Every structure is written in structure tokens, then in C-alpha cells.
Trainee: 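Let me give you the structure first, and then I'll get to my questions.
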Amino acid sequence: MEQLNHLLFTWINATPDSPSWLLSIALFLANDLIFIVPVLIVALYLWGHHHHIAFQRELVSKTAIALIFAMTCAKTLSELFPHARPFMEGFGYTFLHHAADSSFPSDHGTAIFTFALAFLFWHRVWSGAIFLVVALGIAWSRVYVGVHWPLDMLGGLLVGMLGCLFSQLVWNLFGNVISGMLDKVYRFSFALPIRKGWVRE
């Protein structure tokens, strides 16, 4: 597996001769595009057509459960099975500063793949497909700029799938209770914005 990891990394990783425009795109994808996750989660919970808001909030709640579980699993795996990043091994080229911590599975990969799979499973096929393309772009970019191995991203995908499975099981058992509790907390915390009409009731 390590030989495959090294081979795939060599194919993908940028070099000093790589086009500057492609490197700029990769740095944006690797660093900034992940913020689409919290932005969309907040937006879908607070705003939307009144016919769709209940569906959106269920989607957000299930996605949040999946993300929490997946990120916890990713952190646990990285602690139990530490794996050096490419630059820690002096392998390839690095174009993005990163802490010298464990690389497997990728936190970015775990978050964005969990998010994409959540939309694929619980929203629409077209939205899930779009976010899977975004996830693949982020996964490629993290390898391209030299901070992850390709199999770190595969690990993120697998952990994301596990997170979505866990979330669905939890929702099947406790969905109504969780939904009711979140609704009470939301109405209490956002009483003023709701009253002003700034956010959906």
C-alpha cells in the first residue's frame, strides 16, 4: 500500500515547474473551499421556503451528526495509527504550510466527503453529485500541494461513509427526539431574530 501511495503521490504532486495558475487554484481548493461546509449548514438551517425548512433542518441535523462522528473517528485513527505526511518524509514538493502531524485520514477529506455523501443520501442526487465533484477537487488539491497522500483522502471517504451510516441509525432511533430538542433550543436562542423575521421560524 505504501508503494501505491508513493506512486500515486508522485503522479499528482505539483513540482516547481507546475503552472502558477494551476497552483493558485489548488491552493484555493486546499485552503478555502472547505468553508462551504459550515456556511451551507448555517444557511440551510436558518433560511429557506417554509414548505422546505423542516426537510432542510432534518438534513442539517443528520449531516451534523455524521460530521461529528466522522471527525471523531478520523481523530481517533490518526492518534492510534499515526502516519507521516509527505514533507515529513522529505518526499515530493510542498506548497502549503502545515503542521507536522498525522496525515491519515485527512480531516479535510473526511469533512467534505461526509458533507457530499450526506447530500447524496438525504437531499438530491444532483446536489450530492455536485458536492462529490467539490470533494474530489479538494482531495486532489491537498495531494497536489504536498500535504497529504492519496490514500489519506480515500480514508476520509470511507470514514465519511461510516459517519453517514451512524447518523442514519441514530436518526432512525432518536430522530423525533433530537428534532424536538433542537427546535426548542433554536426557538429559545433565536427568539429575537425569528420575531424580527430575519430567520425562518
Side-chain angles (χ1 to χ4, degrees), residues 8-9 12-14 21-49 51-75 77-78 96 98 103-172 175 178-179 182 186 199-200:
L8 293 174
F9 180 86
I12 299 171
N13 184 220
W21 63 267
L22 186 57
L23 187 57
S24 296
I25 291 173
L27 287 170
F28 168 73
L29 294 175
N31 239 359
D32 303 317
L33 196 55
I34 193 67
F35 290 107
I36 194 174
V37 172
V39 168
L40 278 178
I41 283 177
V42 171
L44 286 171
Y45 202 91
L46 297 181
W47 299 288
H49 194 280
H51 290 309
H52 302 148
I53 197 69
F55 173 70
Q56 288 178 197
R57 287 176 178 168
E58 180 177 326
L59 169 65
V60 167
S61 301
K62 292 166 75 173
T63 302
I65 294 169
L67 282 168
I68 291 169
F69 184 80
M71 297 305 292
T72 301
C73 285
K75 181 62 176 177
L77 286 171
S78 68
L96 178 66
H98 200 288
S103 70
F104 181 88
S106 164
D107 287 342
H108 276 72
T110 298
I112 194 61
F113 277 119
T114 303
F115 189 74
L117 290 169
F119 273 75
L120 184 65
F121 296 150
W122 303 318
H123 189 248
R124 302 284 188 272
V125 171
W126 63 265
S127 63
I130 289 172
F131 287 123
L132 279 175
V133 170
V134 171
L136 289 171
I138 291 176
W140 163 80
S141 70
R142 302 289 290 182
V143 179
Y144 189 77
V145 301
V147 295
H148 272 292
W149 302 101
L151 294 187
D152 296 341
M153 297 303 165
L154 177 60
L157 172 62
L158 295 176
V159 173
M161 293 176 66
L162 186 62
C164 288
L165 175 61
F166 174 81
S167 179
Q168 186 61 59
L169 291 173
V170 169
W171 200 261
N172 288 345
I178 294 171
S179 182
L182 289 175
Y186 172 72
V199 297
R200 180 64 65 184

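Since this is a predicted model, take the numbers as computed values, not measurements.
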Trainee: Any side-chain heavy-atom pair from R200 and H52 closer than 4.5 angstrom?
Mentor: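 Not in contact.
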
Trainee: Excluding sequence neighbours, so at least two apart, what forms side chain to side chain contact (heavy atoms under 4.5 Å, CB included) with H51?
Mentor: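 For H51 the side chain to side chain contact (heavy atoms under 4.5 Å, CB included) partners, ignoring immediate neighbours, are H49.
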
Trainee: A side-chain contact here means heavy atoms from C-beta on lying under 4.5 Å apart; do P150 and I12 qualify?
Mentor: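 Contact flag for P150/I12 side chains = yes.
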
Trainee: Is it true that a side-chain atom of N172 and a backbone atom of L169 form a donor plus acceptor pair closer than 3.5 Å?
Mentor: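 Not at all, since once roles are kept as given, no pair shorter than 3.5 Å links the two residues.
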
Trainee: Within this structure, what is the CD1-CG distance for the pair I41 and L46, rounded to the nearest 0.5 Å?
Mentor: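 Taking CD1 in I41 and CG in L46, the distance rounds to 11.5 Å.
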
Trainee: Which atoms form the tightest heavy-atom contact between A129 and L120, and what is the distance?
Mentor: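 Closest heavy-atom pair between A129 and L120: N-CD1, 4.4 Å.
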
Trainee: Heavy atoms only: give me the nearest V170-I178 pair and the separation to one decimal.
Mentor: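 Where V170 meets I178 most closely, the heavy atoms are CG1-CD1, 3.8 Å.
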
Trainee: Distance from L151 atom CG to F104 atom CZ, nearest 0.5 Å?
Mentor: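 Reported to 0.5 Å precision, the distance equals 7.5 Å.
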
Trainee: Under 4.5 Å between any side-chain heavy atoms of F28 and L33, yes or no?
Mentor: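 Sidechains of L33 and F28: in contact.
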
Trainee: Got K62 and E58 here, is their nearest side-chain heavy-atom distance under 4.5 Å?
Mentor: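 The answer is yes; the side chains approach within 4.5 Å.
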
Trainee: Of L59, V60, L117, which meets side-chain contact (heavy atoms from CB on, under 4.5 Å) against W122?
Mentor: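 Looking at L59, V60, L117, the match for W122 under the side-chain contact (heavy atoms from CB on, under 4.5 Å) is L59.
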
Trainee: With distance as the sole test, does H148 use its side chain to make a donor-acceptor pair with the main-chain N or O of S103 at under 3.5 Å?
Mentor: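 Side chain of H148 to backbone of S103: a pair is present.
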
Trainee: Begin from the C-alpha positions of I112 and I36 and carry the test side-chain contact (heavy atoms from CB on, under 4.5 Å) through to its verdict.
Mentor: CA-CA 9 Å; I112 194 61; I36 194 174; 4.3 Å; yes

Trainee: Can you give me the closest heavy-atom contact between A30 and V145, atom names plus distance?
Mentor: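 Minimum heavy-atom separation between A30 and V145: CB-CG2, 4.2 Å.
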
Trainee: Search all heavy atoms of G163 against all heavy atoms of A70 and return the closest pair with its distance.
Mentor: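 Scanning both residues, the minimum pair turns out to be CA-CB, 4.3 Å.
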
Trainee: Do F55 and H123 have side-chain heavy atoms sitting under 4.5 Å apart?
Mentor: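 Yes - at least one pair of side-chain heavy atoms lies under 4.5 Å apart.
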
Trainee: Ignoring hydrogens and geometry, is there a side-chain-to-backbone donor-acceptor pair from S167 to C164 under 3.5 Å?
Mentor: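 Not a single qualifying donor-acceptor pair exists.
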
Trainee: If the condition is ring-ring contact (aromatic ring centres under 6.0 Å, His included), which residues does F131 pass it with, not counting sequence neighbours?
Mentor: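 ring-ring contact (aromatic ring centres under 6.0 Å, His included) check on F131 returns F115, F119.
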
Trainee: Determine, stepwise, if the pair F113 / L132 fulfils side-chain contact (heavy atoms from CB on, under 4.5 Å).
Mentor: CA-CA 7 Å; F113 277 119; L132 279 175; 4.3 Å; yes

Trainee: What's the spacing between W149 CH2 and L154 CG if we round to 0.5 Å?
Mentor: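 Output value for this atom pair is 15.0 Å.
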
Trainee: Hey, does L67 have a side-chain heavy atom less than 4.5 Å from the side chain of T110?
Mentor: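 No, every pair of side-chain atoms sits at 4.5 Å or beyond.
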
Trainee: If you count every heavy atom of other residues, nucleotides or ligands that lies below 6.0 Å from M161 atom CE, does the total exceed 12?
Mentor: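 Result for CE/M161: open.
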
Trainee: Using every non-hydrogen atom in the two residues, find where G160 and T114 come nearest and quote the distance to one decimal.
Mentor: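 Residues G160 and T114, closest heavy atoms: CA-OG1, 3.0 Å.
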
Trainee: Please report the interatomic distance CG(L96) to CG(L27), rounded to the nearest 0.5 Å.
Mentor: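 Going from the CG atom of L96 to the CG atom of L27 covers 6.0 Å.
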
Trainee: As an exercise, state the distance from CD of Q168 to CD1 of I65, rounded to the nearest 0.5 Å.
Mentor: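 Going from CD on Q168 over to CD1 on I65, the span is 9.5 Å.
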
Trainee: Evaluate the side-chain proximity of V143 to D152: yes if any heavy-atom separation is below 4.5 Å, no if none is.
Mentor: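 D152 does not reach V143 side chain to side chain.
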
Trainee: Mind checking the CG-OH spacing from L22 to Y144? Nearest 0.5 Å is all I need.
Mentor: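 Going from the CG atom of L22 to the OH atom of Y144 covers 3.5 Å.
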
Trainee: Would you mind reporting whether S61 and L182 have side-chain heavy atoms less than 4.5 Å apart?
Mentor: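 Yes, their side chains come closer than 4.5 Å.
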
Trainee: Which heavy atom of M153 sits nearest a heavy atom of S106, and at what distance?
Mentor: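 For M153 versus S106, the nearest heavy atoms are CE-OG, 3.4 Å.
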
Trainee: Just jot down the side chain to side chain donor-acceptor pair (under 3.5 Å) partners of R57, sequence neighbours excluded, or say none.
Mentor: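 With sequence neighbours excluded, R57 shows a side chain to side chain donor-acceptor pair (under 3.5 Å) to Y186, given in chain and number order.
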
Trainee: Indicate whether any N or O donor in one side chain lies under 3.5 Å from an N or O acceptor in the other, for Q56 and W47.
Mentor: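 Absent: no donor and acceptor within the cut-off.
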
